[in-house]
Amino acid sequence: MKTKSDLGNKIRKFRERLKLRQADLAEKMGFSSSETISQIERGGREIKAWELVELARHLQVSVSDFIEDHQKPEKDPVVLWRQTPEFEKELKEA
């Protein structure tokens with residue numbers, strides 16, 4: 001399950017990718033202070049649905065980029081094959 005700080009980290013990453021300061025993004029969003037963006041990025045403030053849509057627009061990403069986990073799994077999945085038992089082999093193959 002995603003936490004507010006996971007979402008905040010993604011917002012910070014997308015903001016930094018565009019070389020925006022917190023004050024720049026706060027201004028674009030219509031917030032009175034950059035502290036609001038700081039709180040969001042630290043996971044200390046809830047984000048309303050409309051704010052998430054506007055953040056996505058200003059950060060040039062889709063809303064799903066905030067929600068989905070695009071990280072590669074730490075380990076490749078292991079496929080386990082069952083070996084056919086020798087008894088009744090002919091019956092199973094038929």
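Only this structure's heavy atoms are used, side chains among them; waters, hydrogens and symmetry mates stay out. Only a predicted model underlies this, so the values are computations on that prediction, with no experimental measurement involved.
R42 contributes atom CZ, which lies 13.0 Å from atom CD1 of I11 (distance to the nearest 0.5 angstrom). Here the CZ-CD1 distance, from R12 to I37, works out to 13.0 Å after rounding to the nearest 0.5 Å. Here the CZ-CZ distance, from R15 to R17, works out to 12.5 Å after rounding to the nearest 0.5 Å.
The shortest heavy-atom contact between S62 and A56 is C-CB, 4.0 Å. When every heavy atom of L7 is checked against every heavy atom of I47, the shortest pair comes out as CD2-CD1, 3.6 Å. Taking every heavy atom of both residues into account, S34 and A26 meet most closely at CA-CB, 3.8 Å.
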Report the C-alpha distance between I40 and M29 in whole Å, list the side-chain angles of each, state the deciding distance to 0.1 Å, and finish with yes or no for side-chain contact (heavy atoms from CB on, under 4.5 Å).
CA-CA 12 Å; I40 290 170; M29 290 291 297; over 6 Å; no
Check against side-chain contact (heavy atoms from CB on, under 4.5 Å), F31 and E51:
CA-CA 10 Å; F31 297 142; E51 292 174 334; 3.6 Å; yes
CA sep, side-chain torsions, deciding dist, call: D24, L18, side-chain contact (heavy atoms from CB on, under 4.5 Å):
CA-CA 11 Å; D24 299 330; L18 294 175; over 6 Å; no
Trace of the side-chain contact (heavy atoms from CB on, under 4.5 Å) decision for L59 with D65
CA-CA 11 Å; L59 296 173; D65 289 327; over 6 Å; no
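For E27, the salt bridge (Lys or Arg N to Asp or Glu O under 4.0 Å) criterion is met by no residue, not counting sequence neighbours. Applying the side chain to side chain contact (heavy atoms under 4.5 Å, CB included) criterion to S5, with sequence neighbours excluded, gives T3.
Two residues are said to be in side-chain contact when any heavy atoms from C-beta on lie closer than 4.5 Å; L20 and K28 meet this criterion. Side chains of L25 and L55 form a contact here, defined as non-hydrogen atoms less than 4.5 Å apart. The side-chain heavy atoms of K13 and V61, taken from C-beta on, include no pair separated by under 4.5 Å.
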